[in-house]
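Scroll down for the structure; my scribbles are underneath it.
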Amino acid sequence: MASPADLKYTRTHEWVRRDGDTVTIGITDHAQGELGDITYVELPEVGTEVAATQPMGIIESVKAATDLYAPVNGEVVAVNDKAVETPELLNSEPFGDAWLVKVRLQNPDQVAELMPATEYDAFAEHGA
Amino acid sequence: MSESTETALRQTPLVERHRRLGARLVPFAGWLMPVQYASILEEHRAVRAAAGLFDLTHMGEVEVTGSGALSFLQEVASNDISRLEPGAAIYALLTNPQGGVIDDIIVYRYPDRDAYLIVVNAANRDKDVDWLQTRRALQPERDVTVEDISDRTGMVAIQGPQAVAIAARLTDADLSAIAPFHWARAIVAGVPALVARTGYTGEDGFEFFTPIERIADVWDALLGEGQSEGLVPVGLGARDTLRLEARMPLYGNELSDTIGPLEAGLGWAVALDKGDFIGRAAIAAMKEQGAPRRLVGFKLVGRSGSPRHGYPVMAEGRPVGEVTSGAFSPTLGENIGLALIERGAAGVGKPLDIIVRGKAAPAVQVKLPFYRREHPAGAGNQSA
């Protein structure tokens, strides 16, 4: 499945959608496929300051636990309680209902530095 | 995974079939094995609700023959092998002189030959064979042969409430007449097989042993025959969650060189009254004093990440042990685990804290097993 062209991507398999001075963040379809059945999601609290490439949450599947990384610097302004309550949503709707956090950007230029969809898909296919 | 890593691993004759079924293949005990096909949760639930098919060709098989076979097995294995009638099987441990565990095994007595088959964990195969050969060599005059037949033996299992019915349609033999922990010869899908009513899931079912070049025929036939009843191929991921719910030990987690059978709650597999065997004195001494640690089951109380092997366990603010196995239980929809903890902290209903990534997750000790099927095997499946 090709990743949506209107989003930006990280090497740690998060997607980022910019909306003015905030971004919405989730994990990619490739990431959910690698993890398998997702059973638990732990997200930062609203108000938390996060820093690009630093862990800000945890995604667990039946197999293993992995970190969720912040793609950008900024302040968490919203978290998706629905994804926390029904983690399996990350398997079925990774780019949609299962968004994870919204962050107010400290430096909007950071978004431009992330990968476009075609580059991410090639990266994800050829090995992380 | 790189190509070179893949080629260094052993492959079962079914590996191309696993690929075509969409399996994710991973290294396991030196083998390239399917960890999951579609979803661990779905595979797990299929085994509880209908049936699952497992490639177990990586497991080790060791044949013990000769007039001294029984006395040799009585020396190396913890359980009383003399209780085995022809065609019967028994769970036992290979114990070391310190009372620790080298491996957990099933010993099958052949139905029609004066010989035994030991099925061992893939990860322990070489270690076990070395150990058995070493013990054998201590008394070269006795008539015992220990032979590793793993390379020429194929093994698959079908497990689940529909397993017996599905397998029965592939043979003229009356498989339902094979009692739990027994085996018999049968022609299955045209293949001469030994069919054992044993497994590692907590469900009824069979494990099939065939010449390795014929195992694919049995796999294909079972998969084709069972699909209409919901049978699916099952990988190692669900095999682990299934055995955990049924409280079956995994060597390296619940058992090791330094975890004894009594600590692991496997006293029932140790026949202290059968005569001497390797490790008997140490195990008897521990029984006298009481095992210092106990294997207990627990459930996490609130929402949390899953407990995993090696996570610390606290009680009343101090460390009391470690998680040996833990997972999100697909059947119960809760986080469950086994932990090896100080005797004083053990007790159903007593609280524990599991340290999940540095944070204490409250847990309560529960009765084991976490899951028990409604109808025991071999009870006609109606009357039980």
Side-chain angles (χ1 to χ4, degrees), chain A residues 1 11-13 27-46 48 50 54-70 76 79-94 98 100-101 122-128, chain B residues 1-6 22-26 28 33-46 234-245 300 302-311 323 325-337 354-359 361:
Chain A
M1 167 171 169
R11 297 175 75 86
T12 45
H13 306 285
I27 63 165
T28 65
D29 186 60
H30 174 82
Q32 71 77 22
E34 287 290 310
L35 287 165
D37 300 299
I38 292 169
T39 55
Y40 176 70
V41 178
E42 196 171 299
L43 300 176
E45 285 173 27
V46 170
T48 307
V50 298
Q54 296 302 303
M56 64 169 177
I58 289 153
I59 314 282
E60 276 207 33
S61 69
V62 178
K63 274 184 292 190
T66 54
D67 288 316
L68 174 72
Y69 293 92
V76 175
V79 299
N80 186 358
D81 292 332
K82 203 169 149 191
V84 173
E85 278 151 28
T86 50
E88 59 270 28
L89 212 54
L90 273 82
N91 291 118
S92 55
E93 297 286 337
L100 295 172
V101 293
F123 166 77
E125 188 178 342
H126 296 298
Chain B
M1 185 190 313
S2 74
E3 289 298 315
S4 60
T5 318
E6 276 203 24
R24 184 183 301 267
L25 297 166
V26 299
F28 176 80
M33 296 298 292
V35 66
Q36 67 180 87
Y37 296 84
S39 143
I40 293 174
L41 291 178
E42 284 169 25
E43 290 162 32
H44 181 113
R45 288 172 182 144
V234 182
L236 295 175
R239 183 165 162 85
D240 191 48
T241 52
L242 288 159
R243 70 92 196 164
L244 175 61
E245 286 183 351
L300 296 192
R303 193 195 293 278
S304 163
S306 297
R308 310 269 179 191
H309 178 70
Y311 282 8
V323 174
S325 294
F328 177 80
S329 159
T331 304
L332 305 175
E334 299 175 279
N335 280 309
I336 62 169
I354 311 300
I355 310 305
V356 179
R357 290 182 297 270
K359 270 190 276 182

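What's counted below: heavy atoms across the whole structure, side chains too, no hydrogens, waters or symmetry copies. What you are looking at is a predicted structure, and each value in this text was computed from that prediction instead of being measured. The chains referred to below are lettered A, B, ... by the order of the sequence lines, with proteins before strands, and numbering in each begins at 1.
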For B:Arg303 and A:Glu85, run side-chain contact (heavy atoms from CB on, under 4.5 Å): C-alpha distance rounded to whole Å, both residues' side-chain angles, the deciding distance at 0.1 Å, then the answer.
CA-CA 9 Å; B:Arg303 193 195 293 278; A:Glu85 278 151 28; 3.5 Å; yes
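Comparing B:Leu41, B:Asn335, B:Asp240 by how many heavy-atom pairs each has under 4.5 Å with chain A, the most go to B:Leu41. Note: A:Glu60 leads A:Glu88, A:Lys63, A:Glu60 in heavy-atom pairs under 4.5 Å with chain B. When the candidates B:Pro330, B:Ala38, B:Ala238, B:Ser306 are compared by the number of heavy-atom contacts under 4.5 Å with chain A, B:Ser306 comes out ahead.
To the nearest 0.5 angstrom, B:His44 atom NE2 is 11.5 Å from A:Asp37 atom CG. In this structure, B:Glu334 CD and A:Thr39 OG1 are separated by 13.0 Å, a value rounded to the nearest 0.5 Å.
With respect to A:Glu34 and B:Arg24, a salt bridge is recorded, a charged nitrogen being found less than 4.0 Å from a carboxylate O.
The nearest pair of heavy atoms linking A:Val62 to B:Arg308 is O-NH1, 3.0 Å.
Proximity to chain B (any heavy atom under 4.5 Å) is shown, for A:Val41, by neither the backbone nor the side chain.
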